[in-house]
Amino acid sequence: MDLNFAEIEKNCHSFWKEKQTYQVSNQSDQPKFYVLDMFPYPSGSGLHVGHPLGYIASDIFARYKRLNGFNVLHPMGYDAFGLPAEEYAISRGIHPAVSTEENIARYREQLESIGLSFDWSREIRTSDPTYHKWTQWIFTLLFNHYYDLEADKAKHIHELEAHFTKYGTANLKAATTNDISFTPQDWVSISKKDQQDILMQYRLAFRSEGTVNWCEALGTVLANDQVKNGLSERGGHPVELRPLTQWFLRITAYADRLLSDLDTVEWTDSLKSIQRHWIGRSEGAAINFSIDGFEDVLSIFTTRPDTIFGATFMVLAPELALVEKITISNQKEEIETYVKYVSGRSERERQSEVKNVTGAFTGAYAIHPFTGKKIPIYISEYVLKDYGTGAIMAVPSDDARDRAFAEKFNIEIIDVVDKSDFPKAGIGEKVGKIINSDFLNGLEVPEAIEVILQKVEENKIGERRVNYRLRDAGFSRQRYWGEPIPIVYDKEGIASTLPLSELPLELPEVENFKPTTDGRSPIARLESWVNLPDGRRRETDTMPGTAGSAWYFIRYTDPHNSDAFVGKEAIDYWENVDLYVGGSEHAVAHLLYARFWTKFLYDLEKIKFTEPFKKLINQGMIQGIIEVAYLEKVGDANHFISTDIADSEKSYAPLYVPIEFVTDYQKEESHLNEAGLRKYIAWKPDLAEAVFKMKGGTFKNGRFVPNEEGAECKFITHSEVGKMSKSKFNTINPDEIIEEYGADCFRMYEMFLGPIEQSKPWSTNGIDGISKFLRRFWTLFYDTEGKWLVTTDKPNPEALKILHQTIKKVKEDIERFSFNTCVSAFMVAVNDLRKLKCHSQEILQPLVQLMAPFAPFITEHLWAKLGHTDSIHKSSFPAFEEKYLVESTIEYPISINGKKRATAAFATDASKEDIEKAVLEMKIVQKWVDGKPIKRLIVVPGRMVNVVV
RNA sequence: GCCGAUGUGGCGGAAUUGGUAGACGCGCUGGAUUCAAAAUCCAGUUCUCGCAAGGGAGUGGGGGUUCGAUUCCCCCCAUCGGCACCA
C-alpha cells in the first residue's frame with residue numbers, strides 16, 4: 001500500500017482537535033518547559049517557506065520535551081498592531097482591522113497544516129482590546145514610576161515627590177532627562193504645573209522635546225532601530241531629524257542591567273555583541289572647564305582623562321544652547337552660517353561625510369583646569385548633541401578626528417602618550433607611557449587614568465561617569481493602528497494616566513485612518529473623541545509595534561485573565577521562556593524592549609524573573625533566488641536584454657520578474673520562454689510595447705521572431721540570491737509543497753537542509769530524498785498490497801543495536817538542536833533495518849516514537865495501527881540502553897606516522913601490550929616500517945594505534 | 001575602520017572531548033526490472049597518477065604546537081551580519 005499522507009493528515013487533524021491533544025494546563029505535577037517562537041506579524045502574503053524553519057525546530061523540541069515528561073507551554077499568537085499591518089491595509093484600501101483578521105485566518109490555516117503543536121486556546125493578538133488593555137496598563141505603571149539609581153530599581157513617583165518635599169534634590173540619585181537642583185522650599189513654592197513638569201523629567205514613560213526621526217512618507221516618527229542608513233527600515237523612505245515633543249521610555253535607566261544580565265542568558269555571541277554595542281557602555285569622566293569671561297562651565301565627557309594635558313581645543317555640538325551665548329560678535333556670522341549649514345544636513349549626509357572635517361570658531365576660550373592655559377572653543381558636526389555632554393576636550397595627539405580637525409584649523413598638537421614600546425598600536429589605543437603631562441609623566445596609560453580620575457574628584461572639577469550610546473526609546477507614533485496612549489491632559493496641560501477601570505482605551509472608529517503630514521495622529525482629527533466633557537483632552541499618539549511584543553510571552557501563561565495582566569500563580573509556575581526561537585533581525589528592537597519591560601515588571605514584583613528568554617536560537621534566513629530582467633531605455637522605447645548577450649560595460653535597470661513565469665528556475669539557465677514573456681507583459685501592461693532581445697531572436701508585441709530557422713526563444717534572466725519577499729516576487733509557499741509531498745516530508749526536509757542557524761537559499765533539490773525515505777520507512781510496516789507486516793518476533797541483537805544507536809544519537813542531537821543530523825540518523829536506521837528485513841514490533845514501535853517529533857502525522861497513524869488508542873504525542877521518548885551497544889571487538893585504525901594505512905579488529909578488553917604486539921606483527925606495518933627503528937608506538941585503547949618510524 | 005559569525009567533494013552538509021575526513025541526502029555513472037519510460041532495487045562516485053596492486057595530494061591560504069589538527073595557537077584572504085565621526 002502506498003503512503004497516503006493526505007488522508008493520514010486529515011485524520012490526524014480531526015483526531016487532535018477532538019482529543020485536544022495540544023492543550024496544556026497550568027496545573028501540573030510535571031516540571032514546566034516553555035518553548036516560544038518569535039511573535040509573527042501576520043503579513044498579507046501568508047507564510048513562505050522561510051518562516052516555518054524556526055517553527056518546525058521549536059515544535060520538534062516542544063514535542064521532544066513533552067515525550068520526556070515535561071508540561072510544555074507552546075503557544076502562538078499575532079503581533080497584529082503596527083506599521084507593517086497598517087501599510088498593508090492602506091495599500092489595499094481597507095481597514096487594518098479587516099485585513100489583519102483576514103491575514104490571521106490564513107496564517108492559522110497554514111500553521112496548522114504544518115502540524116505545529118500549538119495550544120490554540122491560548123492565542124493572543126496585540127490589537128485585541130482584552131490584550132492591549134494590559135499593554136496600556138503597563139504604560140501607566142511606567143508613567144507612575146521613576147528609577148532610583150541608588151537602589152537600582154524602579155520606584156513609585158510618590159516616593160520621589162516625598163523626597164522633593166523633604167530634601168529637594170539633595171542626595172537624590174535618580175535617572176533623569178536633565179540634571180537640575182532645588183531645595184525643598186523651592187519645591188513647595190512652585191506651581192503644580194511646574195512640579196509636574198519636573199516630575200515628568202523623572203518618569204520612566206515621559207514626554208519630552210527631543211530630536212526625533214521624522215519620516216515624511218510614513219507620516220510618523222521612528223525609533224532609532226527602525227532607521228537604517230538614514231532611511232526608514234520599512235519602505236526605505238528618507239528620514240530627517242526634527243525637534244518634536246514626544247513620549248519616550250527611559251530605557252537608559254536600565255542600560256547597566258541590560259548589559260550585565262546578558263551574561264546570564266544563553267544567546268549567541270553575535271547577538272549578545274550586537275546588544276552590547278547598541279547599549280555602548282563607556283567609562284570615563286565628566287570634567288568641567290571654566291569659560292574665560294563667563295560664569296558658565298563647560299562640562300565635557302571623555303574616556304581618556306589621562307590625555308588632558310594634550311587638550312589643545314574644545315569642540316561643542318553646534319546644536320548646544322551654550323554656543324550662541326559664548327560666541328563673540330566677530331565670530332557670530334561664521335558660527336551662524338555653520339549652524340545653519342549643519343541643520344540643513346540630513347542624518348545621511350552627516351554620516352557619509354567622514355573624511356572632510358568642518359567646523360567654526362566661537363571666539364571664546366576655556367581655561368585648562370591644570371595648566372590654566374586658554375584653549376579655543378570650536379563647534380563641529382562631528383560632536384553629537386546627544387552623546388555624553390555634547391562637548392569634548394579635543395586631544396589631537398590621541399584621537400584621529402581631533403587630529404584631522406587640528407590639522408585643518410592649524411591648532412597645536414602636544415604629544416602626551418609615548419607609544420614607542422607599542423609600534424603597532426593605533427592612534428587612540430590605551431597603551432603607552434604618559435609624557436608632557438606634569439604629575440602624570442612616566443605613568444602607564446591605565447595607571448594614569450586612575451590617578452587623574454582621583455585628582456579630578458579631589459579638586460572637584462569633575463567626576464567619574466559612565467556613558468551609554470543607548471538612547472531613550474521614542475514611544476509615540478502619529479499613526480492609527482496602534483494602542484492609544486492612555487493619557488489625558490487637563491486645562492493646564494498636566495498629563496495624567498487613565499485608571500485601570502477606564503482601560504482598555506479603544507481605538508475610535510475613524511473614516512480616514514491614513515497618516516497626516518502635520519505631525520499629528522489621524523485620531524487627532526476626531527474632536528469628539530479627543531475632547532472629554534470635563535474639558536480634558538486625550539493624548540492622540542499611539543504606541544509603536546514594540547509595545548505589544550514587549551510582554552506578550554507573559555500573557556500566554558494566562559491569556560484570558562480579565563482581572564490582571566497575568567495571574568500570579570500562572571506566571572510563577574511558567575516563569576520565563578526556556579527556549580526562544582526566531583530571526584536575528586530583532587536583535588536590538590524587540591529583544592531589548594522585552595528585556596527592559598521584564599526588568600521593570602520584576603522591580604514592581606509582578607514577576608519573579610529578570611530575563612524573558614533564557615535560551616535563544618536564531619534560525620537562519622531561507623533566502624530566495626531573485627530573478628531580474630535587464631532593461632535599457634532607448635529614447636522612449638524599452639529594450640530588454642537577455643543576460644547572455646548583455647554588454648558588461650553598460651549598466652541596465654534591473655526589473656524583478658515573478659518567479660512563476662521563469663522556466664528552469666533555480667538552474668543556471670533560468671529564463672523566460674515565449675509563454676513566460678507573454679505572462680510577463682500581461683502582468684506589466686505598460687511594458688507591452690517593449691522589445692526583448694536575445695541570442696535566438698527578438699520578442700516583440702507578443703510574438704517571437706527568430707533570427708534563423710529553429711532558433712529558440714530563451715530570454716535569460718539574471719539570478720541572484722536574496723531575501724525571500726513579496727516585493728521581489730520570489731516567495732515560495734509551503735502549501736504547494738505540503739500538498740505534493742505531505743507535511744511530514746516538508747518538516748523533515750526543512751530540518752535536513754542544514755544547521756538551523758545557517759542561512760541558505762531555498763531549493764527543492766533533494767526533497768525527493770526525504771520523500772523516498774518516508775516511503776521506505778513505510779515499507780517496514782506495510783507491503784505493497786497493504787498488508788501489515790509488523791510481527792511480535794523477538795528482534796535479533798543487530799536490530800536492537802541499530803535501534804539503540806539511533807535513540808542515543810537522536811536524543812543527543814535534539815538536545816544540541818542539531819536536527820539535520822537526526823534526520824540522517826533516521827535514514828541510516830531505516831536503511832539498516834530494511835537490510836535486516838526487520839519487522840519486529842519491539843524495534844519498530846520505539847522507532848515510531850523516536851520519529852514522532854519530526855513526523856507527527858505518519859507516526860500518529862502507525863501508533864494507532866500498533867494498537868494504541870491514545871495519541872503517540874502523549875506517550876514517551878524511548879529509553880536508551882547501553883547494553884545493546886556493547887561490542888566484543890573494536891576496529892582500530894592503524895596509522896604509520898599519523899597516516900592511516902590499515903585497520904585491525906581487537907577484542908574490547910585487549911590489553912595495550914597485546915595490541916602493540918599484534919600491530920607490529922602485521923604485514924602491512926612491517927612493509928611500512930621496512931626495518932627502520934620504531935621511535936614510538938601509541939595505542940589509545942578503544943580509539944586508534946599510531947606507529948612512529 | 002571596529003565587532004561577531006562562517007569557509008570541508010559537482011551541490012546541501014557530517015565528523016559532539018585533538019584520534020579512520022567526506023556520514024546522510026541530491027546529482028552523476030553503470031547494472032537489474034520494463035516493449036519503453038517513470039517508479040523501484042543493486043553497485044560505484046574527493047581529486048590525481050596507475051590496467052591493476054598500490055601511491056601522492058587534500059577541510060579558504062601561509063606558518064606553528066603535537067605521535068596525530070577540519071578541531072588548538074599566530075598571520076593573511078574571502079563571504080555574510082552588526083556598528084560606524086560614540087569622545
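Throughout, a chain's letter reflects where its sequence line sits, starting with A, and its residues are numbered from 1. No experiment lies behind these values; they were computed from the predicted model shown.
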Take atom [atom1] in [N] and the same atom in [M], then report the distance between them in whole Å.
N: B:A38; M: B:U45; atom1: P; answer: 24 Å
N: B:G22; M: B:C47; atom1: C1'; answer: 12 Å
N: B:G27; M: B:G10; atom1: C1'; answer: 8 Å

What is the distance, rounded to the nearest whole Å, between atom [atom1] of [X] and atom [atom2] of [N]?
X: A:K772; N: B:A38; atom1: NZ; atom2: P; result: 12 Å
X: A:M827; N: B:G25; atom1: CE; atom2: P; result: 6 Å
X: A:F289; N: B:A87; atom1: CZ; atom2: P; result: 17 Å
X: A:Q758; N: B:U79; atom1: CD; atom2: P; result: 18 Å
X: A:K808; N: B:A23; atom1: NZ; atom2: P; result: 21 Å
X: A:I449; N: B:A87; atom1: CD1; atom2: C1'; result: 13 Å
X: A:F301; N: B:A87; atom1: CZ; atom2: P; result: 7 Å
X: A:Y892; N: B:C67; atom1: OH; atom2: C1'; result: 17 Å

Give one of base, sugar-phosphate or nothing for [X], where a contact means two heavy atoms less than 4.0 Å apart.
X: A:W928; answer: sugar-phosphate
X: A:S270; answer: sugar-phosphate
X: A:R471; answer: nothing
X: A:K935; answer: nothing
X: A:K760; answer: sugar-phosphate

Quiz prompt | A:K899 vs A:R834, nearer the 5' end of RNA chain B by closest nucleotide | solution =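 Nearest-nucleotide comparison on RNA chain B picks A:R834.
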Exercise. Nearest-nucleotide wise, let me know which of A:T302 and A:R901 is further upstream toward the 5' end of RNA chain B.
Key: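 Nearest nucleotide further toward 5': that of A:R901.
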Quiz prompt | Positive for side chain to side chain contact (heavy atoms under 4.5 Å, CB included) with A:I894, one of A:V919, A:N946, A:I924, A:T903 | solution =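 With A:I894 as partner, side chain to side chain contact (heavy atoms under 4.5 Å, CB included) holds for just one option, A:V919.
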Out of [options], which nucleotide sits closest to the side chain of [X]?
X: A:V828; options: B:C41, B:U20, B:C24; answer: B:C24
X: A:F752; options: B:U20, B:A39, B:C24; answer: B:C24
X: A:T903; options: B:A39, B:C83, B:U20; answer: B:U20
X: A:Y387; options: B:C24, B:A5, B:C86; answer: B:C86

Exercise. Measure from the ring center of A:F313 to the ring center of A:F405 and say whether it is less than 6.0 Å.
Key: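 A:F313 vs A:F405: aromatic centres under 6.0 Å.
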Quiz item: Looking at the rings of A:Y741 and A:Y749, which for Trp means the six-membered one, are their centres under 6.0 Å apart?
Solution: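 Ring-ring flag for A:Y741/A:Y749: false, centres at least 6.0 Å apart.
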Exercise. Say whether A:S771 and A:R775, considering side chains only, have a donor N or O and an acceptor N or O under 3.5 Å apart.
Key: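 Looking only at side-chain atoms, A:R775 and A:S771 do form a donor-acceptor pair, the distance falling under 3.5 Å.
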Practice problem: Check the angle between the aromatic planes of A:Y338 and A:Y341 and answer parallel, tilted or perpendicular using the 30° and 60° thresholds. | Solution: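 The rings of A:Y338 and A:Y341 sit tilted, inter-plane angle from 30° to 60°.
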Quiz prompt | Parallel, tilted or perpendicular: rings of A:F854 and A:F819 (30°, 60°) | solution =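 Correct class here is perpendicular.
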Between [X] and [N], is there a side-chain N or O to OP1/OP2 distance below 4.0 Å?
X: A:N820; N: B:A14; value: yes
X: A:R276; N: B:G82; value: no
X: A:R469; N: B:C86; value: no
X: A:N831; N: B:G25; value: yes

Quiz item: Syn or anti for B:G44, with syn set at within 90° of 0?
Solution: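 Because its glycosidic torsion lies more than 90° from 0, B:G44 adopts the anti conformation.
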Protein-nucleic acid N or O pairs under 3.5 Å, nucleotides 16-19 of chain B:
| unit_1 | atom_1 | unit_2 | atom_2 | d |
| --- | --- | --- | --- | --- |
| B:U16 | N3 | A:E812 | OE1 | 3.4 |
| B:U16 | O4 | A:K809 | NZ | 3.3 |

Quiz prompt | Inter-residue atom distance A:R469.CZ - A:S282.OG, 0.5 Å rounding | solution =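 With rounding to 0.5 Å, CZ (A:R469) is 10.5 Å from OG (A:S282).
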Quiz item: Any sub-3.5 Å donor-acceptor pair from A:K272's side-chain atoms to A:V265's backbone N or O?
Solution: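 Yes, A:K272 side chain to A:V265 backbone: donor-acceptor pair under 3.5 Å.
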Quiz item: Just by distance, do the side chain of A:H590 and the backbone of A:E585 share a donor-acceptor pair under 3.5 Å?
Solution: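 Judged by distance alone, no pair lies under 3.5 Å.
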